[in-house]
Amino acid sequence: MTKLRVGLLFGGRSGEHEVSIISARAIAKALSAEENSNKYEILPFYIQKDGFWQAGETAQQVLESGVAMENPAVTPNLWQFPPLTAEIELWFPILHGPNGEDGTIQGLLTLMQKPFVGSGVLGSATGMDKIGMKTAFAQAGLPQVKYKAITREQVWSNSCVFPKLCDEIEATLGYPCFVKPANLGSSVGITKVRSRRELEAALDNAATYDRRIIVEAGVVAREVECAVLGNDNPKASVIGEITFDSDFYDYETKYTEGKADLFIPANLPEAIVQKIQEMALQAFAAVDAAGLARVDFFYVEATGEILINEINTLPGFTATSMYPQLWANTGVPFPQLVDQLIQLAMERHSAAKI
């Protein structure tokens with residue numbers, strides 16, 4: 001039986017470079033599991049922090065060690081793919097954040113005319129940009145917290161415009177609120193603010209990360225998540241809940257073992273579970289996602305209200321990541337999950353040729 005040559009693409013030019021390496025190691029282990037070892041040949045491709053692609057021994061070394069290259073090789077003036085890319089039959093990108101799950105790499109892989117795991121350009125870009133994502137959710141009729149979209153120009157404008165902007169945020173959203181760069185993942189650059197002084201500093205900080213910024217009203221609620229798997233007829237997993245002692249679910253809390261507790265399945269009324277699953281599938285369709293996604297919600301227990309927070313079209317696959325754990329508790333173990341993702345990628349690629 002001929003093995004399918006899978007290009008495992010990881011690293012990338014984002015603040016989530018190290019998380020991507022950890023996710024890639026977990027996926028490589030799952031593809032090498034007994035039930036998959038006769039199906040797939042793994043060819044690792046490591047994207048350095050400067051954007052240069054490494055294959056072969058260098059990529060394998062990073063994958064095995066789990067450590068990013070501290071002193072990457074000097075990037076040549078003429079940028080090019082490693083020759084091994086021509087051998088790939090299917091791509092498995094596990095790149096988190098900008099230049100990885102925002103549609104850029106998906107566009108490149110589409111031009112290669114090879115199947116790849118996950119959403120295409122539209123689903124990835126819409127799912128990454130929080131303003132575009134919320135616009136799609138609103139169009140689909142999904143309830144959300146109040147928010148305001150602003151630009152770096154408004155934040156760094158003259159002294160007359162900025163105070164008025166802060167006045168408007170205070171009047172419409174109040175405190176506490178969250179200031180977020182629109183196009184970063186894993187809570188990078190996010191600040192919880194409770195005063196005018198903190199708001200001004202948070203806006204300035206977010207503007208250093210992105211030219212598009214979103215400010216969201218705070219809400220007292222339980223944080224719950226649902227995983228989605230599939231293409232045109234996706235399925236929703238059981239619901240998981242996250243609890244933590246930190247001020248909010250920031251980068252350190254997400255990726256440090258023991259900082260957050262995951263409860264799977266979440267202790268929720270059955271009617272609430274079904275509603276969250278329905279909304280997760282609606283969100284998946286709203287952004288035109290494919291393959292996989294994790295959808296995050298706020299459950300306001302006092303009122304029974306369910307508010308959609310965001311969708312992540314390329315969620316983490318680390319030991320503490322919610323997505324694989326949700327499917328494991330739904331009856332789909334990790335090796336079977338990555339196998340299904342590859343089959344879904346093949347299915348989607350074949351459908352695109354019709």
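In this text, all values refer to a predicted model and were calculated from it rather than measured experimentally. Residues take their numbers from the sequence shown, with the count starting at 1.
Hydrophobic clustering (ILVMFWY, side-chain heavy atoms < 4.5 Å, transitive): Val228 and Leu314 are in distinct clusters. Linking Ile, Leu, Val, Met, Phe, Trp and Tyr residues whenever their side-chain heavy atoms come within less than 4.5 Å leaves Val287 and Leu341 in two separate clusters. Ile94 and Ile22 sit in two unconnected hydrophobic clusters of ILVMFWY residues. Membership requires side-chain heavy atoms under 4.5 Å apart, directly or through other members. When hydrophobic clusters are built by joining Ile, Leu, Val, Met, Phe, Trp and Tyr residues whose side-chain heavy atoms come closer than 4.5 Å, directly or via intermediates, Leu229 is not grouped with Leu281. No path of Ile, Leu, Val, Met, Phe, Trp and Tyr side chains, each step under 4.5 Å between heavy atoms, connects Ile272 with Val300, placing them in separate hydrophobic clusters.
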Please evaluate residues Asn267 and Glu241 with respect to the criterion side chain to side chain donor-acceptor pair (under 3.5 Å), reporting the C-alpha separation (whole Å), side-chain torsions for both, the decisive distance (0.1 Å), and the verdict. CA-CA 8 Å; Asn267 184 16; Glu241 180 174 8; over 6 Å; no
Report the C-alpha separation of Glu89 and Lys3 in whole Å, then their side-chain angles, then the decisive distance to 0.1 Å, and conclude whether the salt bridge (Lys or Arg N to Asp or Glu O under 4.0 Å) test is met. CA-CA 10 Å; Glu89 295 173 284; Lys3 294 183 181 181; over 6 Å; no
Verdict with reasoning, Glu35 to Gln336, per side chain to side chain donor-acceptor pair (under 3.5 Å): CA-CA 8 Å; Glu35 55 265 63; Gln336 186 180 334; over 6 Å; no
Does the side chain to side chain contact (heavy atoms under 4.5 Å, CB included) test come out yes or no for Gln154 and Phe162, once each step is laid out? CA-CA 6 Å; Gln154 289 175 284; Phe162 188 55; over 6 Å; no
Test side chain to side chain donor-acceptor pair (under 3.5 Å) on Ser23 and His96; report intermediate values, then the result. CA-CA 9 Å; Ser23 292; His96 305 307; 3.1 Å; yes
Between Asp339 and Tyr40, is the side chain to side chain donor-acceptor pair (under 3.5 Å) condition met? List the steps. CA-CA 9 Å; Asp339 179 52; Tyr40 306 116; 2.4 Å; yes
Steps toward side chain to side chain contact (heavy atoms under 4.5 Å, CB included) verdict (Trp53, Leu9): CA-CA 9 Å; Trp53 289 41; Leu9 190 56; 3.8 Å; yes
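Distance alone, capped at 3.5 Å, is enough to place a donor-acceptor pair between the Asn231 side chain and the Leu344 backbone. Side chain of Gln340 to backbone of Gly291: no donor-acceptor contact under 3.5 angstrom is found. Side-chain atoms of Thr330 never come within 3.5 Å of backbone atoms of Val332 as a donor-acceptor pair (strictly under, hydrogens ignored). With Arg152 contributing its side chain and Ala207 its backbone, the two residues share a donor-acceptor pair below 3.5 Å. Distance alone, capped at 3.5 Å, places no donor-acceptor pair between the Glu168 side chain and the Lys164 backbone.
Interatomic distance, NZ of Lys192 versus SG of Cys177, reported as 10.5 Å (0.5 Å rounding). Atom CD of residue Gln54 and atom CE of residue Met69 lie 5.0 Å apart, to the nearest 0.5 angstrom. The distance from the CZ atom of Arg194 to the CG atom of Leu199 is 13.0 Å, given to the nearest 0.5 Å. With rounding to the nearest 0.5 angstrom, the SG atom of Cys226 is 11.0 Å from the CD atom of Glu278.
Separation of the Phe10 and Tyr46 ring centroids falls under the 6.0 Å cut-off.
Enclosure of atom CD in Glu270 by more than 12 non-hydrogen atoms of other residues, nucleotides or ligands within 6.0 angstrom is indicated. Within 6.0 Å of atom CD in Gln61, 12 or fewer heavy atoms from other residues, nucleotides or ligands are found, so the atom counts as exposed in its surroundings. Atom CZ of Arg5 is surrounded by more than 12 heavy atoms from other residues, nucleotides or ligands within 6.0 Å. Surrounding NZ of Lys114 are more than 12 heavy atoms belonging to other residues, nucleotides or ligands, all under 6.0 Å away. For Lys235, the NZ atom counts as loosely surrounded, since its 6.0 Å shell holds 12 or fewer non-hydrogen atoms of other residues, nucleotides or ligands.
Under 4.0 Å is where a charged nitrogen must lie from a carboxylate oxygen, and between Arg13 and Asp50 no such pair does. Looking at Glu225 and Arg294, a side-chain N of the basic residue comes within less than 4.0 Å of a carboxylate O on the acidic one, giving a salt bridge. The residues Lys180 and Glu310 are annotated as not salt-bridged, no charged nitrogen and carboxylate oxygen being separated by less than 4.0 angstrom.
For residues 199-210, every residue pair satisfying the salt bridge (Lys or Arg N to Asp or Glu O under 4.0 Å) rule, not counting sequence neighbours, is listed here: Arg196-Glu200.
In plain terms, the two heavy atoms of Gly11 and Ser20 that are nearest each other are N-OG, 2.9 Å. In this structure, Met128 and Asp102 approach most closely via the heavy-atom pair CG-CB, 3.5 Å. A pairwise comparison of heavy atoms in Leu203 and Cys166 identifies CD1-SG, 4.1 Å as the closest pair.
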Residues 132-145, side-chain donor-acceptor partners within the protein, below 3.5 Å, at least two apart:
{"residue": "Lys134", "atom": "NZ", "partner": "Glu216", "partner atom": "OE2", "Å": "3.3"}
{"residue": "Thr135", "atom": "OG1", "partner": "Ile131", "partner atom": "O", "Å": "2.9"}
{"residue": "Gln144", "atom": "NE2", "partner": "Lys134", "partner atom": "O", "Å": "3.1"}

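Between Val67 and Val62, the closest side-chain pair of non-hydrogen atoms is not below 4.5 Å. Looking only at side-chain heavy atoms (C-beta outward), Val295 and Asn309 stay at 4.5 Å or farther from each other. Taking the side chain as every heavy atom from C-beta outward, Leu43 and Val6 never approach each other to under 4.5 Å. Contact check for Asp288 versus Thr126: no side-chain heavy atoms found under the 4.5 Å cut-off. Counting heavy atoms from C-beta outward, Leu63 and Ile21 have side chains that stay 4.5 Å or more apart. Contact annotation: the side chain of Leu90 approaches that of Leu4 to within less than 4.5 Å [non-hydrogen atoms, C-beta and beyond]. Tyr209 is listed as a side-chain neighbour of Asn205, based on a closest heavy-atom distance under 4.5 Å. A heavy-atom distance below 4.5 Å is not found between the side chains of Thr191 and Glu198.
Put simply, the residue from Phe317, Trp327, Tyr323 that forms a ring pair (Phe, Tyr, Trp, His ring centres under 6.0 Å) with Phe334 is Phe317.
Under the ring-ring contact (aromatic ring centres under 6.0 Å, His included) criterion, Phe45 pairs with Trp91, sequence neighbours left out.
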